[in-house]
Protein chains: 2
Amino acid sequence: MPLRRTSLETTTASGLPEFGRLDRATLQTQAYQQLRKAVMGGVFRPGTVITIRAAADALGTSPMPVRAALQRLEAEGALVARGSKRTLEIPNLSIEEYHELRDIRIVLEGLAAERAVANIEAAELQEVERNCRAMQEAADAGDREGYVRANWTFHLSIYRASHMESLVAMIEGLWLRVGPYVQLMMPDRKSMVASMPDHWHMVEALKQRDGRAASQAIADDISHSAVNLMKVLKHR
Amino acid sequence: MPLRRTSLETTTASGLPEFGRLDRATLQTQAYQQLRKAVMGGVFRPGTVITIRAAADALGTSPMPVRAALQRLEAEGALVARGSKRTLEIPNLSIEEYHELRDIRIVLEGLAAERAVANIEAAELQEVERNCRAMQEAADAGDREGYVRANWTFHLSIYRASHMESLVAMIEGLWLRVGPYVQLMMPDRKSMVASMPDHWHMVEALKQRDGRAASQAIADDISHSAVNLMKVLKHR
DNA sequence: ATACGAGATTTGTGATCACAAGAAACGAAG
DNA sequence: CTTCGTTTCTTGTGATCACAAATCTCGTAT
């Protein structure tokens with residue numbers, strides 16, 4: 001679907017301004033968001049090469065906005081310059097690199113959870129619980145794609161409750177980097193269902209206003225996921 | 001000084017290849033590094049407006065590489081889009097935003113210090129101690145610019161000893177955002193000298209291989225700096 | 001004086017083109 | 001069949017131009 005940037009001067013000849021279709025965002029922003037969503041969702045396998053012109057064709061624009069989008073993704077570590085520099089690719093994380101990201105995630109997401117406990121409002125807590133139920137349903141149904149999406153929605157709703165904008169942005173950057181692996185971490189229905197207790201612990205900790213328990217539950221979830229991934233990677 | 005990208009085909013007519021002065025880096029990379037250094041060093045006051053064309057003139061290149069460099073700095077939060085979108089400026093951090101960055105720094109730099117204790121090698125430890133002495137000298141001399149530079153060198157040498165590349169990169173990103181304020185945090189010789197105990201504690205903790213003490217010393221340093229800054233900002 | 005609006009200027013965005021250098025395809029020699 | 005050098009193709013980089021929209025500048029009206 002070609003990206004389009006609606007001009008502002010689209011007023012109906014007669015009267016009302018006909019609220020623009022709201023892609024007032026620049027093309028490079030749209031390109032960035034689409035690519036980002038794809039990376040986070042695990043659409044690209046590690047090692048996939050992405051070129052400016054190819055992505056531009058796929059998105060239906062000129063290379064220019066895509067160049068900016070890819071450079072930004074590179075700056076965030078979602079893409080890395082290939083071997084001797086020429087093209088970009090989805091990084092193949094070594095075990096050490098993955099463990100490093102895991103440890104960073106534990107302290108950062110732990111901090112967010114702790115602050116969420118302190119700052120969360122009633123409406124936010126209800127939404128967190130709703131998101132957890134949705135994740136439970138996806139897990140029970142063995143719907144991996146739905147589970148991955150629901151999992152991110154759930155975690156994000158907690159982190160946002162910390163009301164720490166920069167922190168949430170940094171966490172998003174980390175998820176972007178582990179995105180290509182999230183599908184792998186949940187190979188079957190069993191592993192999805194097995195992840196749910198950690199998540200319900202988070203909800204419980206939020207209700208009890210227990211910061212320590214909340215960050216512990218986050219740490220457990222991240223650790224368990226990492227163990228899962230190692231098992232899957234070893235297995236082949 | 002105009003940026004220049006030496007072409008590879010610079011072989012002397014007679015014989016040896018005359019090792020190119022190595023600015024094989026792209027112009028946008030050079031532009032990024034120069035601007036980054038300036039921001040981290042506190043060259044620009046918060047609120048300073050930076051435009052593509054102006055920066056391009058200053059660096060002596062076309063707008064193109066500078067555009068990429070500025071977009072990257074924006075992605076990292078070192079620059080923010082001004083009011084209604086048009087230009088970029090050095091962010092004016094609110095007290096809440098600054099405290100948020102402080103708290104993130106405490107967990108991230110604390111983690112780095114803890115891991116540095118576990119992984120540091122003899123040569124690295126010597127360099128850390130040397131850097132601390134250099135900072136002490138700058139503090140004693142009341143050399144603020146030298147102190148700020150030495151302070152960053154010292155901290156960086158510790159964090160690098162963690163051998164966690166992504167973590168160091170994220171910490172650098174945070175220092176980039178607080179860069180415009182570091183000069184303000186050390187208004188006089190007294191405050192510089194007063195900061196030294198925390199730093200010597202870090203060295204001591206590294207020597208004793210006490211991870212807890214190391215991360216505590218980091219947290220103290222960051223907290224004290226924040227208090228300092230608040231005092232200065234209140235004062236006017 | 002102050003508020004408002006039309007015109008001029010500035011600025012980021014996006015398109016297109018040229019080019020150097022990496023990557024791949026190909027062919028000849030051993 | 002393998003290896004190495006040459007040619008061709010691909011790809012990121014940077015320059016330049018056009019344009020929409022934000023910002024600034026004044027002059028006019030209230």
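Every chain is numbered from 1 and lettered A, B, ... according to where its sequence line falls, protein lines coming before strand lines.
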Distance check needed: [N] [atom2] versus [X] [atom1], whole Å only.
X	N	atom1	atom2	answer
Gln71(B)	dG14(D)	CD	C1'	14 Å
Glu89(A)	dT11(D)	CD	C1'	15 Å
Arg72(A)	dT13(C)	CZ	P	12 Å
Leu88(A)	dG12(D)	CG	P	7 Å
Gln30(A)	dT13(C)	CD	P	13 Å
Leu70(B)	dT11(C)	CG	P	13 Å
Arg67(A)	dT13(D)	CZ	P	7 Å
Arg53(A)	dG12(D)	CZ	C1'	7 Å

Problem set entry | Residues Arg177(B) and Glu76(B) bridged, charged N to O under 4.0 Å | no
For this session: Check step by step if side chain to side chain contact (heavy atoms under 4.5 Å, CB included) holds for Glu165(A) and Met170(A).
Result: CA-CA 9 Å; Glu165(A) 217 174 308; Met170(A) 293 182 73; over 6 Å; no
Problem set entry | N or O in side chain of Gln28(B) less than 4.0 angstrom from dG12(D) OP1/OP2 | no
For this session: With DNA chain C as reference, determine whether Thr87(A) or Thr61(A) sits nearer its 5' end, using the nearest nucleotide of each.
Result: Thr61(A)
For this session: Please tell me if the side chains of Met192(B) and Arg144(B) come closer than 4.5 Å, counting only heavy atoms from C-beta onward.
Result: yes
Problem set entry | Contact check, side chains of Met40(A) and Arg149(A), non-hydrogen atoms, under 4.5 Å | no
Closest approach to the side chain of [X], judged atom by atom: which nucleotide of [options] is it?
X	options	value
Leu27(A)	dG14(C), dG14(D), dG12(C)	dG14(C)
Pro65(A)	dT11(D), dT11(C), dG14(C)	dG14(C)
Arg82(A)	dA24(C), dT13(D), dG12(C)	dA24(C)
Met64(B)	dT16(D), dT13(D), dG12(C)	dT16(D)

Exercise. More than 12 non-hydrogen atoms from neighbouring residues, nucleotides or ligands closer than 6.0 Å to CZ on Arg105(A), yes or no?
Worked result: yes
Exercise. For Glu74(B), which contact category applies under a 4.0 Å heavy-atom criterion: base, sugar-phosphate, or nothing?
Worked result: nothing
